[in-house]
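Written below as C-alpha cells is the structure these notes are about.
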Number of protein chains: 2
Amino acid sequence: MNTQTGRRPTILDVAAAAGVSKSLVSLAVRGDPGVRAETRARILDTADRLGYRSNPWARSLVRGRSQSVVVLVDDLRSGYHTDVVHGVEDAAEENGMAVVIGDGRRDRGALRGRLERLMSLGPDGIVIVSGQADSAMIGEFAARLPLVVVGRPVDLPDGAGQVSNDDRMGMRLAVHHLVALGHRRIAHLPGSPRPAAVARRESYERTMAELGLGAHVRVIPTATELVDAVAAGEADAATAVCCANDRIAVDLIGRAVDAGVDVPGRLSVAGYDNLDLAAQVRPAITTVDQPRRAMGALALRQLADMLADGETRREVVTPTLVLRDSTSPLVEDPPIA
Amino acid sequence: MNTQTGRRPTILDVAAAAGVSKSLVSLAVRGDPGVRAETRARILDTADRLGYRSNPWARSLVRGRSQSVVVLVDDLRSGYHTDVVHGVEDAAEENGMAVVIGDGRRDRGALRGRLERLMSLGPDGIVIVSGQADSAMIGEFAARLPLVVVGRPVDLPDGAGQVSNDDRMGMRLAVHHLVALGHRRIAHLPGSPRPAAVARRESYERTMAELGLGAHVRVIPTATELVDAVAAGEADAATAVCCANDRIAVDLIGRAVDAGVDVPGRLSVAGYDNLDLAAQVRPAITTVDQPRRAMGALALRQLADMLADGETRREVVTPTLVLRDSTSPLVEDPPIA
DNA sequence: CTGAAAGCGCTTACAG
DNA sequence: CTGAAAGCGCTTACAG
C-alpha cells in the first residue's frame, strides 16, 4: 500500500497552487537562471509541499534522452566486473546519469536477452564488459546506440568505442617476475579461447622466447596434468606457472594442496586479474592487476563524449604486478637454460 | 557513430508506409487480436523494414507504467545477493518486466543515493535486498512505490512486503548437526548487530539451552580470541563453532590455518548463507543454505501482486543444511555436558 | 522575467 | 475490423 492519494501532482498542479504558469514551474524546478529568486523559492516550496516529482517519461520523451546508460557484464559475481561497474557508476554520477546494470550470467544467450530487455528502458548508451559478446552482437547494438566495450573482443566493429588493458604487457610482467626469482621451467595454464586469454598465452610464449627460454615453453591444458607432473617429481616438471587468470590459479593451488605439492615451495603460481579471491585464498596469489575502476570511468566518459560529438576512441590502460605469497625464489638448482 | 539515419521511425511513419492509420499500427505491434491477420502481417513487415521500435517513454507516459522494477542490493559482489537478483530476474521475465539492479556497496549512503538515482528511471516497484536499509528509508520509499524487502529488518514499516529466511530454524540446524557429531563445547561467532545476525545468535543460545548445553554457550566476539584459546589447548576451548555467516567462517578458518589449528580435526566450523566462497575454500564449509533464487522470485511475484491489488504479504522460507568438509565428529573424549 | 501554444510518440476510448 | 481525436506530463521556442 503506498500512500499516494489519488494521482501524483504534476507541473500543472504546482503552477495552479503557486499562481504561475506551468512553463515557469518547469523552468524553476530545473534551476533555470531566468527565474526571479523569490518566484523560484515560492514555486519550489509549493512543489515540495505538494510532493511534486518530475515525471521522467515525459521529460525523456520531449528531450529524447533518458540520462541513463546500460552496463552489461558477463558475470556479476566477478569482482573484476563489479569494479568496472563501480568505475562506470562513479563517472556517471559526475555526469548526472543513472546506470542500469545487466548481468549476462556467463551465457551468451542470457547476455543478449538481458540487453534486449534493458533496451526497453530507453538508455542513451551501452557499456559492455564481456568477452562473451561476439562482434556481430556488438555491431548490431552499436548501430542502435553509442556503445563502448571494456575488454578486448576479436574484431571490434567500427562505431564501437573501446577501453582495454594491455594483456601483452601484463603477462610480460608476470613472466619477468618469475624469471627474476630464478625460475626457468615456467609453464602456462591457458584460459578460454577468448581474445584476452589468447593474448596472454601469446605474450607468455613471446616473452619466454625473448628471454632465451623458448625451450621451456609449456602450455599445459589442465591443472591436474601440471600438478601430477610436479607431484611425481618429473625432472622437467615446471617450478613455476603463470596462469591466464586468477580463477585458474585458485583452482591450481587447490589441486596442488590436495596433491601435497607445496605452493610456492615446490611450485610458484602467478595469476592475472587481481580478483578479490586472489587476496583471500592461502597462499595469497601474486597477480597482475588491471586498473578496473579507471577502465569503467574511461568507458563512461567516452560514452558521454560519443553522445556529444559522436567521436569513438580506443583506449589502452597499463596493468601492474601485485606481489603476494604464491611466488617465491627457486630453491633447487635449476638446470641452466 | 551509430548508423541511425536522421530520426527514428515512429508509429506514424509505419502507418504512412503501410497505408493505415497510426492507431492500427499501435494495435498491430502490441498484438491486439482485433486486427485482421493479413493486415497485421503487412504492418509488422513494414515496421521491420523501417526498423521501427516502440518508444518506451511515450508508452510509459501514457500507460503510467514502465514494466520495470529496481532491485537494490547491499553488495553486488556477494553471491548471496546475486542469487536473489537472479530469482527476481527470472520471475520478472515471466511477467514481461525489466529489472534494474542497484548496488549499495555495503554503504548506507551509497544505497540510498543509488536508489534515488534509479527512481529517475520511473520503475513500477522496488525490491530491497539489504540489511543496511533502515526502516525509515524503507518506509519513505514504500510510500512512493510498491516495495518488498528480502531479509529481515528490525521493524518493517506497514506498506512494505517481505520475504525472509527462517534464521532461527537455520541456526538450529547447524547446532543440531554439531551436537550430533559429538560436540558439546560449541561456540558462536556473532555477526553485525543487524537483525539476521541477532536472530542467529539468539537461536544458537536458545538451541543450546534446549539441548541442555546452556553451560557451554560461548559467544566469542573475535575469531582471534577463539583460535588462540584452541591453539593454546585450553581445557574449555571450543571444539566446534557455528558462525553467524560464511564470511566469518572463512576468516576463522584462515586464522586457524595460520595458527596451526586443524579444521575440522581440532575445530569444526559451520557457516551460514552458503556463499559460493563456502564451497571454494579448503576445507569446504558446512553451512546453512537459504533458497535464494526462490526468495527473489517470491519477492517479484509479491510485487506484481501489489501492483495489481495492493496486497502486502510476509513470506518466510525454510533453510537447509549443506554438509561439507569443515565439520567432523569429535575425536577427543569430551567432558560429558 | 512570464505566459500561451505546439509537440515529443504513444494508447485509449469512441465513432463508424 | 478501422480511423479521427484527445490526452499522458513535460520542454522548448516564441511572443510579450
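Per chain, numbering begins at 1; letters A, B, ... match sequence-line order. A quick note: this is a predicted structure, and the numbers were derived from the prediction, not measured.
- Think of the region where chain A sits on DNA chain C: with heavy atoms and a 4.0 Å cut, that region ends 5' and 3' at C/dC1 to C/dG9.
- Residue contacts shown for B/R53 are limited to sugar-phosphate atoms, with no base heavy atom under 4.0 Å away.
- Comparing B/V35 and A/Y52 by the nucleotide of DNA chain D whose heavy atom lies nearest to each, the residue mapping closer to the 5' end is B/V35.
- Both B/P33 and B/A58 lie close to DNA chain D; mapped to their nearest nucleotides by heavy-atom distance, the more 5′-ward contact belongs to B/P33.
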Would you write out the dot-bracket form of DNA chain C, 5' to 3', with Watson-Crick and G-U pairs under 3.5 Å, [ ] for crossing pairs, | for pairs to other strands and . for unpaired bases?
-> |||.||||||||.|||
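- Annotation: side chain of B/L72 is in contact with side chain of B/L111 (closest heavy-atom distance under 4.5 Å).
- In this structure, a donor-acceptor pair under 3.5 Å is present between the side chains of A/H86 and B/D103.
- If you check every strand for non-hydrogen atoms under 4.0 Å, B/S60 touches nothing.
- Within the 4.5 Å cutoff, side-chain heavy atoms of B/Y52 are placed close to those of B/V29.
- Side-chain contact between B/I128 and B/V150 is absent, with no heavy atoms from C-beta onward closer than 4.5 Å.
- Between A/R144 and A/E116 there is a salt bridge, since at least one side-chain N of the basic residue sits less than 4.0 Å from a carboxylate O of the acidic one.
- Checked by atom type and distance alone, the side chain of A/H81 never pairs as donor or acceptor with a backbone atom of A/L76 at under 3.5 Å.
- Side-chain contact annotation: A/T82 with B/R77, donor-acceptor N/O pair under 3.5 Å absent.
- Side chain to side chain, A/R42 and A/T46 fail the donor-acceptor criterion of an N or O pair below 3.5 Å.
- Contact of the A/L298 side chain with the A/V317 side chain is registered, since non-hydrogen atoms from C-beta on lie closer than 4.5 Å.
- The residue B/S54 sits close only to the backbone: its heavy atoms come under 4.0 Å of sugar-phosphate atoms, none of a base.
- A donor atom on one side chain and an acceptor atom on the other are not found under 3.5 Å apart for B/E315 and B/Q162.
- The closest donor-acceptor contact from the side chain of A/S120 to the backbone of A/R117 lies under 3.5 Å.
- Proximity of residues 9-28 of chain A to DNA chain D (heavy atom under 4.0 angstrom from any strand atom) is restricted to A/T10, A/I11, A/K22, A/S23, A/S26.
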